[in-house]
Amino acid sequence: MTTTAQPSPAPARPLALITGVGRSIGIGAGIARRLAASGWDVAFTYWTPYDRRMEWGAEPGAAASIAKELAEAGARTAAIEADLTDPDAPTRIFDEAEQRLGGPVTALVLSHAESVDSGLLDTTVEAFDRHFAVNSRASWLLIREYGLRFRSATGSTPSETAPRTPAGRIVALTSDHTVGNLPYGASKGALDRITLAAAHELAHLGVTANVVNPGPVDTGWISDELREALVRGTPLGRLGTPRDTAHLVDFLCSPEGQWINGQLLKSNGGAAA
């Protein structure tokens, strides 16, 4: 009598929720591609009216195109349009991600932003409030929703025999802009503190939380003159790419990245401040 070994079922893919994936050349899209290739299912948010307000304009069909790319990498995916100025949006986002992809969310990556240049004297109250609503308040509400829902911490010491599903991860993208970009820089500073607090307050859940400053990444907003100046200030002689940021986020979300916690990490090629 002979027996045939049956292949083991494929391990379930953990679910990542990534905000701010509205353009195919953006950092959020780069992170989504990297995590999908690393074995994650991906839910992502986008908000077309924001892109429409910006000088680069909205990219027609971007969400569907990005979702198709992720599916081709083996990920189940859900694109969720969400206005993060709405304080009820974070709960709805998590509900939709979990309902459509089976949840729960294991990694939360915050790459959304409101960013309209203005300085100390010309920033309006409306613009100031909108930046803090999107960059700070929405980030806090998303992290809070994640913490309220997160239940299972798996994997502690990475090894060849350990489960490959990581414990909980929060990664937020920040910026050190201030001069001439006051509401953006100030609201991102608040985001830093919220995320670093999560590293301590959610530690009992097995969740790590880190902030990544990707430095200047050319996603269509940099003028030729500014690009030349930024390149001169970077030892490696180039600007960052979404892929550079994505590799670091991928590592932080992996089991091997578990010991990095409560940090503000610069991934900028050594660019001068």
Side-chain angles (χ1 to χ4, degrees), residues 18-23 26-28 31 45-47 49-56 82-90 93 108-147 170-202 209-223 226 229-230 233 239-240 242 245 248-249 252 262-268 271-273:
I18 308 172
T19 61
V21 186
R23 298 190 301 143
I27 296 176
I31 294 170
T45 73
Y46 65 101
W47 183 236
Y50 170 72
D51 290 315
R52 196 175 290 130
R53 278 195 288 118
M54 305 305 289
E55 59 185 278
W56 52 75
D83 177 5
L84 290 176
T85 64
D86 178 0
D88 293 327
I93 291 166
L108 172 64
V109 180
L110 303 175
S111 63
H112 65 274
E114 170 76 22
S115 178
V116 178
D117 292 352
S118 62
L120 190 69
L121 300 180
D122 61 339
T123 295
T124 66
V125 171
E126 178 189 13
F128 189 89
D129 288 348
R130 186 168 60 247
H131 279 79
F132 272 83
V134 173
N135 298 341
S136 306
R137 186 183 68 192
S139 298
W140 159 56
L141 290 172
L142 285 159
I143 290 173
R144 185 178 73 169
E145 194 69 28
Y146 174 86
I170 298 170
V171 182
L173 301 191
T174 192
S175 171
D176 50 16
H177 283 195
T178 50
V179 178
N181 210 356
L182 173 71
Y184 176 66
S187 58
K188 283 291 189 175
L191 162 67
D192 298 350
R193 296 300 185 264
I194 293 165
T195 306
L196 297 180
H200 296 269
E201 295 191 24
L202 302 183
N210 293 285
V211 182
V212 171
N213 183 342
V217 176
D218 193 357
T219 57
W221 61 273
I222 300 177
S223 67
L226 179 58
L230 291 171
L239 296 181
T245 308
L248 177 54
V249 173
L252 292 173
Q263 303 299 310
L264 198 167
L265 305 168
K266 291 189 175 183
S267 175
N268 60 11

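Given the structure is predicted, the values throughout are model-derived calculations rather than measurements.
To the nearest 0.5 angstrom, L191 atom CG is 8.5 Å from L196 atom CG. We find the OG-CG distance between S187 and D129 to be 11.0 Å, quoted to the nearest 0.5 Å. Here L248 contributes atom CG and S267 contributes atom OG; the two are 5.0 Å apart, rounded to the nearest 0.5 Å. Of the inter-residue distances, the one linking I194 atom CD1 with I170 atom CD1 reads 11.0 Å to the nearest 0.5 angstrom. Taking CD1 of I27 as the reference point, atom CG of D218 lies at 10.5 Å (rounded to 0.5 Å).
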Does the pair I93 and L84 meet the rule for a side chain to side chain contact (heavy atoms under 4.5 Å, CB included), with working shown? CA-CA 10 Å; I93 291 166; L84 290 176; 3.7 Å; yes
Please test V212 against L252 for side chain to side chain contact (heavy atoms under 4.5 Å, CB included), starting from the C-alpha separation and ending with a verdict. CA-CA 10 Å; V212 171; L252 292 173; 3.7 Å; yes
Residues V116, M54; criterion side chain to side chain contact (heavy atoms under 4.5 Å, CB included); working and verdict: CA-CA 8 Å; V116 178; M54 305 305 289; 4.3 Å; yes
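When all heavy atoms of A82 and W47 are compared, the closest pair comes out as O-CB, 3.4 Å. Taking all atoms of both residues into account, the shortest heavy-atom contact from P87 to P90 is O-CD, 3.5 Å. Here the closest heavy-atom approach between residue P183 and residue A127 is recorded as CB-O, 4.5 Å. H131 approaches S115 most closely through the heavy-atom pair NE2-CA, 3.7 Å. Nearest heavy-atom pair across T19 and T45 is CA-OG1, 3.1 Å. Of all heavy-atom pairs between S111 and G28, the closest is OG-CA, 3.5 Å.
With a 4.5 Å cut-off on side-chain heavy atoms, H112 and L173 do not count as touching. Proximity of P49 to D83: side-chain heavy atoms (C-beta onward) are nowhere separated by under 4.5 Å. Taking the side chain as every heavy atom from C-beta outward, E114 and T85 never approach each other to under 4.5 Å. Within the 4.5 Å cutoff, the side chain of I31 has no heavy atoms near those of the V171 side chain.
The main-chain N or O of P214 is never found under 3.5 Å from a side-chain atom of N268 such that the two would form a donor-acceptor pair. Using a distance-only test at 3.5 Å, with no hydrogens or angles considered, no donor-acceptor pair links the side chain of S136 to the main chain of A133. Checking side-chain atoms of T178 against main-chain N and O of G185 turns up no donor-acceptor pair under 3.5 Å.
The only option from N135, T195, D192, N213 that meets the side chain to side chain donor-acceptor pair (under 3.5 Å) definition with T174 turns out to be D192.
Other residues, nucleotides and ligands contribute only 12 or fewer heavy atoms inside 6.0 Å of the CZ atom of R193.
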